[in-house]
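Working notes for the structure below.
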Protein chains: 2
Amino acid sequence: MDQVEVFKALSNKTRLQILSWLKDPEVHFPAQAQNGYANGVCVGQIHAKSSLTQSTVSEYLSSLQRAGLISSTRVGQWTYYKRNEEAFKALSKLIEADI
Amino acid sequence: MDQVEVFKALSNKTRLQILSWLKDPEVHFPAQAQNGYANGVCVGQIHAKSSLTQSTVSEYLSSLQRAGLISSTRVGQWTYYKRNEEAFKALSKLIEADI
DNA sequence: AATATATATCGGTTATTCCCGATATGCCAA
DNA sequence: TTGGCATATCGGGAATAACCGATATATATT
């Protein structure tokens with residue numbers, strides 16, 4: 001876990017917002033219900049809720065993934081992203097004990 | 001607690017290093033022993049251990065303070081900085097529960 | 001094969017961060 | 001009050017981040 005990379009990924013309002021949306025996908029992405037939430041939520045749904053362009057949202061998701069905070073699954077033409085809860089637990093402990 | 005500001009403050013190798021030094025001032029700033037560590041460590045000591053200029057270190061300390069992660073006490077011509085441990089606890093809990 | 005849809009990537013503009021050297025400010029001592 | 005030391009602030013150059021529009025890539029449909 002590259003600490004600086006993680007904190008940089010968290011240093012942006014929109015990226016924090018995305019993480020918060022992904023915490024309750026049923027609430028924030030009801031349109032996804034038909035496909036289930038096991039793999040997470042696809043980029044288009046996240047983009048639809050954001051006020052940024054598709055390319056920016058895609059970049060932001062990549063950066064969150066590089067930081068290890070979310071993971072992705074490709075299914076057909078869709079890429080689903082979901083939170084990596086272990087990473088958040090680890091980060092919480094890191095801050096509590098090491099930083 | 002402005003989350004983005006806090007994460008930005010933590011998004012830098014040197015600033016993380018300073019926080020880590022301040023965690024064990026007795027170990028990392030033995031020269032400060034004569035004055036005690038109650039108020040923390042003065043800027044000059046921190047600067048001496050860093051490989052950056054005095055002005056940069058001073059800016060970094062200000063940004064950590066604006067984020068609420070450290071606090072300062074002025075004594076004579078010296079400014080002492082120390083960690084604000086409550087802020088780290090709060091951040092740890094925030095990440096565990098809210099982010 | 002042609003077309004449509006979802007996502008990723010590329011090139012660019014503007015804003016922000018990273019650092020520096022120079023200088024200002026504040027405090028103390030002679 | 002002059003000078004010296006500790007720290008803060010200011011102005012700036014270079015690197016990185018924040019976005020965007022356009023385009024490329026991958027998959028699916030007809």
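Owing to the predicted nature of the structure, the values given are computational and were not obtained by experimental measurement. Reminder, nothing fancy here: chain letters follow the sequence lines and each chain counts from 1. What you see below is based on every heavy atom in this structure, not just the backbone, and it leaves out hydrogens, waters and symmetry mates.
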Can you tell me which nucleotide in C:dC10, C:dA8, D:dG21 comes closest to the side chain of A:Glu59? C:dC10
Nearest-Å distance, CG (A:Leu10) to C1' (D:dA18)? 16 Å
Contact class for A:Thr79 vs. all strands (heavy atom < 4.0 Å): base, sugar-phosphate, or nothing? sugar-phosphate
Would you check if A:Trp21 and A:Val41 make a side-chain contact, meaning some heavy-atom pair closer than 4.5 Å? no
Provide, to the nearest angstrom, the distance between the CD1 atom belonging to B:Ile18 and the P atom belonging to C:dC19. 11 Å
Could a donor-acceptor pair under 3.5 angstrom be found where the side chain of A:Gln54 meets the base of C:dA6? no
Provide the closest heavy-atom pair for B:Ile95 versus A:Phe88 in the form atom of the first, atom of the second, distance. CG2-O, 3.5 Å
Using OP1 and OP2 only, check whether a side-chain N or O of A:Arg74 sits under 4.0 Å from C:dA6. no
In whole Å, I'd like the distance from the CD1 atom of B:Ile46 to the C1' atom of D:dA6. 13 Å
Can you find a side chain N or O atom of B:Asn12 that sits less than 4.0 Å from OP1 or OP2 on C:dT17? no
Treating B:Thr79 as the side-chain partner and B:Arg74 as the backbone partner, does any N or O pair qualify as donor plus acceptor under 3.5 Å? no
Find the distance A:Lys13:NZ to C:dT16:P and express it as a whole number of Å. 14 Å
Closer than 4.0 Å, any side-chain N/O of B:Thr53 to the OP1 or OP2 of C:dC20? yes
Whole-Å gap separating P (D:dA17) and CG (A:Leu16): 16 Å
Do you know which two heavy atoms are closest between B:Val6 and B:Met1, and how far apart they sit? CG2-CG, 3.8 Å
Specify the separation, in whole Å, of atom CH2 of A:Trp78 and atom P of D:dT27. 13 Å
Heavy-atom nearest nucleotide on DNA chain D for A:Val75 versus A:Thr56: which residue maps closer to 5'? A:Thr56
With heavy atoms under 4.0 Å as the rule, sort B:Tyr60 into base, sugar-phosphate or nothing. sugar-phosphate
Between A:Gln77 and A:Lys8, which has a closest nucleotide on DNA chain C that is more 5'? A:Gln77
Interatomic distance, B:Leu61 CG vs D:dA8 C1' [rounded to whole Å]: 11 Å
Tell me if the NZ atom of B:Lys93 is crowded by more than 12 foreign heavy atoms within 6.0 Å. no
With a non-hydrogen cut-off below 4.0 angstrom, is B:Tyr81 in contact with a base, only sugar-phosphate, or nothing? sugar-phosphate
To the nearest angstrom, how far is A:Phe7 atom CZ from D:dA17 atom C1'? 18 Å
Please state whether the phosphate of D:dA8, meaning OP1 or OP2, lies under 4.0 angstrom from any side-chain nitrogen or oxygen of B:Ser58. yes
At under 4.0 Å between heavy atoms, what does B:Ser55 touch on the DNA or RNA strands: base, sugar-phosphate, or nothing? base
